[in-house]
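One structure is given below, encoded as structure tokens.
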Amino acid sequence: MTEVILHIYDVTNSGSEKTNNTIMQINKIFKDGIGLGGIFHSAVQVYGDEEWSFGFCEQGTGVFSCPPGKNPMYTYREKLVLGVTNLSIFKFNQILRELSREWPGGSYDLLSKNCNHFCDELCESLGVPKLPGWVNRFAHAGDAAVEIAGNTAFRLRQAKTEIVSASKVAYRFLAGIANNSPAAAPENGSPSRPAPRFQAWFKSIIPTGDKPSTSAVLEEPNQEVIWRQQEAAEAPLRQNTHLSS
């Protein structure tokens, strides 16, 4: 049996002293002050004087090692003993080889596949508890926010499509009622027309651009021309019928 130790660093590799100082202040307030979390790098030490972690590289595996607490890219913060593992050093090396294949450097993602996610999987393989929640809380929150934003945008688009479709169906249905209403009955055999008040009311509740372009009822300019042509054609017939009687 051997101890499994987690080494934690403040992420201060931005290349900007101002940014690095800001990150240090964020970690001081959110982790040291209220215990919420921060922006951290982590690595796992077991069997020997090396810590193991994961990072970005263009080719090959992203799994790497360095002396415990000595990663030159970050500012060392603290270490935590996560427990003890019953796995042999042979089994541990076998796990490292498997993880090296499964974690290529090009797959690194700040929110969904970072060094803390790697350490979580390594600890699970070693049979010890995963990292404390505060170590990777900001990445989990950011990943959840991205997913929620994507789902929300999809649902809004879907809801808009359904509302427009329902509006079209409702318009056709109510237009049919208006056409068949006794109050809107045609006079002297003239073709039926939707009630003007109904048209004005329904237009007010459908946004511009959402009207069904294929509906003959909504093609108002062309339909008006047709009605007028029909009325003009029928007027002489009605006049002749009246004179012959």
Side-chain angles (χ1 to χ4, degrees), residues 2-58 60-85 92 95-96 99-100 102-153:
T2 187
E3 283 188 334
V4 178
I5 301 172
L6 180 70
H7 296 279
I8 303 171
Y9 299 77
D10 293 304
V11 176
T12 52
N13 63 333
S14 68
S16 166
E17 184 177 355
K18 183 178 180 180
T19 300
N20 292 341
N21 289 336
T22 299
I23 292 173
M24 295 286 287
Q25 288 299 315
I26 289 173
N27 290 351
K28 182 176 181 180
I29 294 171
F30 284 93
K31 197 287 175 176
D32 300 335
I34 60 179
L36 181 61
I39 305 172
F40 302 110
H41 170 79
S42 64
V44 173
Q45 178 187 359
V46 59
Y47 285 120
D49 293 329
E50 286 182 299
E51 63 176 39
W52 295 88
S53 191
F54 171 73
F56 172 80
C57 62
E58 293 183 354
T61 181
V63 178
F64 68 95
S65 66
C66 68
K70 302 296 183 181
N71 191 319
M73 297 180 64
Y74 309 108
T75 302
Y76 191 74
R77 166 175 279 266
E78 60 184 295
K79 70 177 183 179
L80 300 173
V81 177
L82 297 177
V84 296
T85 181
F92 172 64
I95 291 172
L96 281 178
L99 292 177
S100 295
E102 296 170 1
W103 291 73
S107 68
Y108 180 91
D109 184 271
L110 181 63
L111 297 181
S112 62
K113 196 170 184 178
N114 62 30
C115 58
N116 300 316
H117 296 107
F118 169 81
C119 290
D120 261 344
E121 186 165 333
L122 178 55
C123 288
E124 186 176 10
S125 299
L126 293 170
V128 298
K130 292 185 176 183
L131 280 59
W134 57 265
V135 175
N136 205 29
R137 181 162 287 133
F138 278 20
H140 288 317
D143 196 31
V146 169
E147 183 177 357
I148 290 171
N151 289 340
T152 300

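Residue numbers count from 1 along this sequence. Given the structure is predicted, the values throughout are model-derived calculations rather than measurements.
The distance from atom OG of S53 to atom CG of L122, rounded to the nearest 0.5 Å, is 9.5 Å. With rounding to the nearest 0.5 angstrom, the OG1 atom of T75 is 14.0 Å from the CD1 atom of I8. Rounding to the nearest 0.5 Å places CD1 of I95 at 11.5 Å from OG of S100. Note that CD of Q45 and SG of C66 are 10.0 Å apart. Values are rounded to the nearest 0.5 Å.
For K113, the NZ atom is densely surrounded, since the number of other residues' heavy atoms within 6.0 Å is greater than 12.
Taking each heavy atom of P68 and E51 in turn, the nearest pair found is CA-OE1, 3.4 Å. Nearest approach of M24 to T12, heavy atoms of both residues: SD-CG2, 3.7 Å. Here the closest non-hydrogen pair linking N114 and W103 is O-CZ3, 4.1 Å. For the pair H7 and Y76, the tightest heavy-atom approach, listed with the atom from each and the gap, is ND1-OH, 2.8 Å.
E102 is listed as a side-chain neighbour of L99, based on a closest heavy-atom distance under 4.5 Å. Between V44 and L6, the closest side-chain pair of non-hydrogen atoms falls below 4.5 Å.
Taking the salt bridge (charged side-chain N to carboxylate O under 4.0 Å, His left out) definition, one finds that D49 meets it with nothing, sequence neighbours left out. The side chain to side chain donor-acceptor pair (under 3.5 Å) check on Y74 picks up nothing, with sequence neighbours excluded. Listed by chain and residue number, W52, F92, N93 satisfy the side-chain contact (heavy atoms from CB on, under 4.5 Å) test with L96 (two or more places apart in sequence, or in another chain). Judged as a side chain to side chain donor-acceptor pair (under 3.5 Å), and not counting sequence neighbours, the contacts of S65 are E50.
In this structure a side-chain-to-backbone donor-acceptor pair under 3.5 Å is present from N71 to M73. Checked by atom type and distance alone, the side chain of Y9 pairs as donor or acceptor with a backbone atom of K70 at under 3.5 Å.
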Contacts table for residues 28-42: side-chain donor-acceptor under 3.5 angstrom, sequence neighbours left out:
unit_1 : atom_1 : unit_2 : atom_2 : d
D32    : OD1    : R77    : NH1    : 2.9
S42    : OG     : N116   : OD1    : 2.5

Side-chain donor-acceptor pairs of residues 123-134 under 3.5 Å, sequence neighbours excluded:
unit_1 : atom_1 : unit_2 : atom_2 : d
S125   : OG     : E121   : O      : 3.1

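Using modelled atom types and a 3.5 Å distance limit, the side chains of H117 and D120 yield no donor-acceptor pair.
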